[in-house]
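As a basis for the values below, the full set of heavy atoms in this structure was taken, side chains included, without hydrogen atoms, waters or symmetry mates.
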Amino acid sequence: MRIIDRIQAVISEYIVQKGYEATGWIVEIPKDKKIADYATNISFKLSATLKLSPMIIADQITPEIVKIFEEKMSGAFEIFALRGFINFKLKSNYCFEYIGNDGFSLKLVESNKKVLLEYVSANPTGPLHIGHGRWAAMGDTLKRILVHVGYDVDTEFYINDAGNQIANLLLSIEARRNNLPLPEDGYAGEYVKDLVKEADPIQAVLLQQTDILRKFKVTFDRWFSEKKELHENGFVNSAVSVMKEKGLTYEQEGALFFRSTDFGDDKDRVLIKADGSYTYFAADIAYHKNKVDRGYNHLINIWGADHHGYIKRVKAALFSLFGDKVELEVLLGQLVSLFRNGEEVRMSKRTGEMITLEEVIEDIGCDAGRFFLVSKQADTALDFDLELAKKQTSDNPVFYVQYAHARICSILNTSQIKAELDEDIVVEEIEHSLMRYLVHFEDELMIAVQNREPHRIATYLMELANMFHSFYHQCKVISDDKKLSANRLAIISAIKKVLATGLDLLGVSAPEKM
RNA sequence: GCGCCCGUAGCUCAGCUGGAUAGAGCAACGGCCUUCUAAGCCGUAGGCCAGACGUUCGAAUCGUCUCGGGCGCGCCA
C-alpha cells in the first residue's frame, strides 16, 4: 500500500472513532512540496458540521493525529497544521528504509484481469511515420508501467493486410512495373520504387516496419494478421454468423446491418455490403471477438485521434456480444504535425511527401526520440520540428536525466565507503528534499497508470534530475568526513535506483558514462 | 450543422479527479570549472492560464456560452 493510502486509512479510522462526519476530504500531494509531502483538507470539510474555522479545527485535532501516527507509522513524518491544512513531511531515514536496497517493491495493483494492449497497427502500405512513433513510444511505455505495478498484459500489432489499401498499393506497383500511369488514388511515394523489386511487397513493408520498431526498442508479443487469421480461416464469417444468430442484425437493400443503435451508437452499421463483401467494421468486430476468445477480458487500444468516431460502434459490438464481461478502453493519441524549418510538412503515403520514423530516429537517436515523444500528454496535438530536434539533440531533456545517472555512477565508482544513512547527519535542505521526492516516485507512477499517462514519468525524472544536479553543486559527496560521505553515498545510490527504474520504464537507457 | 480534442512565458510543453505564491526546458541577459563528469549549477527577465458568466470558503483546474485551432461524421480502410 502506498504511503498516501496509509495516511488516508489512518485518518479515516480516526474520523469514525471520533464520530465526526465528513465527506469529500482527501489526502493529496501539495503542489509546493517544500511545505510537506502529503496534506489533508479534512479541517475544511469538518468546518461545516463543527461550525468552526478550518484553522481552529486543524489546530485542535493535529495533536491527536500526531499521537495516532506515532503508534501506527512511527518515525515516518513530521506532522503540523498550516493554514487549515494538516501536513505530513517525510523524514529522511524513513524514506531511505522505504526505498530499500532493491528499490521499491512496487507491486501496487492486484488484478485478475488479462489485459491485451493493441497499438500502432499500421497498414503495411508504407513506412511508419512520426505519428506511429508516438503511439509506439506511448504503447510500449504503457505496457512497461502496467507490468511494473502488477498487471498481466500482452501487446499486439494488428496487421491490416486485407482490403482496398493493400489492393491499391499492389496496383500501383504493378503499374510501375509495366511503366503504366498510376491508377487514380495510387501510391506515388518514392518508396514504391523499391517495392517494385520485391516478390512480396506487403511482406517487405511489414519487415521494414518490424525492423524500425525494433530499432526503436518497441516489440510486440504478437503480430496478428487480418488476412490470415480473420479472413482466410473464416473467422469473420463465423463472427458475423454469431451476431446473426443472436438477432443483432437485419437485412436491408441487400446489405446486412448490425443494430448498433440498440447499444448506444448513432446509426446502424453495415457488416456485409450489397456486393457480398465484408466491411472493415465486420473484420474489426471479428478481431475484437477473437481477442476475447483468446482469454483477454480487458482490451486497451491506442488509436490515432482521427479514429475517434469509430469507438462507439466497436464498443457497441463488443457489448452486444459479451455484455460487461469485457472492458474495452480506447486511448486516443492526437496526431503529430511535422515541421521543417518552421514550415508544416503535410504527410501522405499517396503523394509521397513524408518524413519517416526511421529518418527521425537516425537523426536524433532512439533515446531522445522516445523521451521526446512520450514526455508530452497524448491528447495534445504535438508539433515536431525536425530541424529543431536535430539542432537540439545535445540539449534534449533526456540527456539531462541520463547525465544525472552517469554522474552518480561516476561518484559511486570512486568510493569504497559503505553507504549508510543517518538522519542527524543530513544537513542540507536539498538532501532532505531529495530523499522525500524519491518516495513520490510511487505516487507519480500510480497516477501515470491510473490515467494512462506515461508522460508523467518523464516529467518526474526531469524534476528528480534537476534536484540531483542542484544537490551535486551544493554538496560534495566524498570528503574526509567518513560519516558524511557514507550518508551522501546512500542518498545518491537511492537516486540512482529510481532514475534507472524510471528510464527503463520509458525504454530509455541509463548510461554509466557519458 | 452535429460530435470529440485542444487554447498556460517569445517557442515546445508540464500543472487540471477544485486547494496554499502559476512551473520546466529551449531562446535572451549576467555570473560559476586548480575540487566526485560544465551534457552541469546560480541569478535576472518574461503571464489578464484565449474571453465572459456561473458553482464554491477557494477556480488555470468544474459548468454554460463565445472566439480561435485540430480531427471525425461512408455499403473507405
What is the nucleic acid contact for A/Ser410, judged by heavy atoms within less than 4.0 Å: base, sugar-phosphate only, or nothing?
base
Pairing nucleotide - B/U56, Watson-Crick or G-U, each distance under 3.5 Å:
none
B/U8 to B/A60 separation - C1' atoms, rounded to the nearest Å
7 Å
Using atom P of each nucleotide, how far apart are B/A52 and B/A9 to the nearest Å?
16 Å
Using a heavy-atom cut-off of 4.0 Å across all strands, would you classify A/Asp284 as base, sugar-phosphate, or nothing?
nothing
Using Watson-Crick or G-U wobble geometry with both distances under 3.5 Å, which nucleotide pairs with B/G72?
B/C2
Among B/G19, B/A24, B/A77, which nucleotide has an atom closest to any side-chain atom of A/Phe85?
B/G19
Rounded to whole angstrom, note down the P distance from B/C26 over to B/C71.
31 Å
Give the B/S/- string for nucleotides 9-15 of chain B, one per nucleotide from 5' to 3', where a protein heavy atom under 4.0 Å of the base yields B, of only the sugar-phosphate yields S, and otherwise -.
---SSSS
For B/G10, give its Watson-Crick or G-U wobble partner with both distances under 3.5 Å, or none.
B/C26
Please report, rounded to the nearest Å, how far the P atom of B/C75 is from the CD1 atom of A/Ile272.
15 Å
Heavy atoms only, 4.0 Å cut-off, all strands: where does A/Phe44 land among base, sugar-phosphate and nothing?
base
With rounding to the closest Å, how many angstrom separate the P atoms on B/A50 and B/G7?
7 Å
C1' spacing across the pair B/A22 / B/G31, given as an integer number of angstrom:
27 Å
Just checking A/Ala406: base, sugar-phosphate only, or nothing, at a heavy-atom cut-off of under 4.0 Å?
base
B/C49 versus B/C13 - spacing of their C1' atoms, nearest Å
14 Å
Would you mind classifying the nucleic acid contact of A/Asn41 as base, sugar-phosphate or nothing, using non-hydrogen atoms under 4.0 angstrom?
base
Does the Lys NZ or Arg CZ of A/Arg259 fall within the cation-pi geometry relative to A/Tyr250 - under 6.0 Å from the ring centre and within 45° of the axis?
no
When we call it a touch if two heavy atoms are under 4.0 Å apart, what does A/Ala39 touch: a base, just sugar-phosphate, or nothing?
base
Identify whether any heavy atom of A/Asn87 sits under 4.0 Å from a base atom; if not, whether one sits that close to sugar-phosphate; answer base, sugar-phosphate or nothing.
base
Are side-chain N/O atoms of A/Tyr158 and A/Asn301 paired as donor and acceptor at under 3.5 Å?
no
Under 4.0 Å, heavy atoms only, any strand: does A/His469 hit a base, just the sugar-phosphate, or nothing?
sugar-phosphate
Which part of the nucleic acid, if any, lies within contact of A/Gln450, taking any heavy atom under 4.0 Å across all strands shown: a base, the sugar-phosphate backbone alone, or nothing?
nothing
Taking atom types as they are modelled, would you say the side chain of A/His307 forms a donor-acceptor pair with the base of B/G72 within the 3.5 Å cutoff?
no
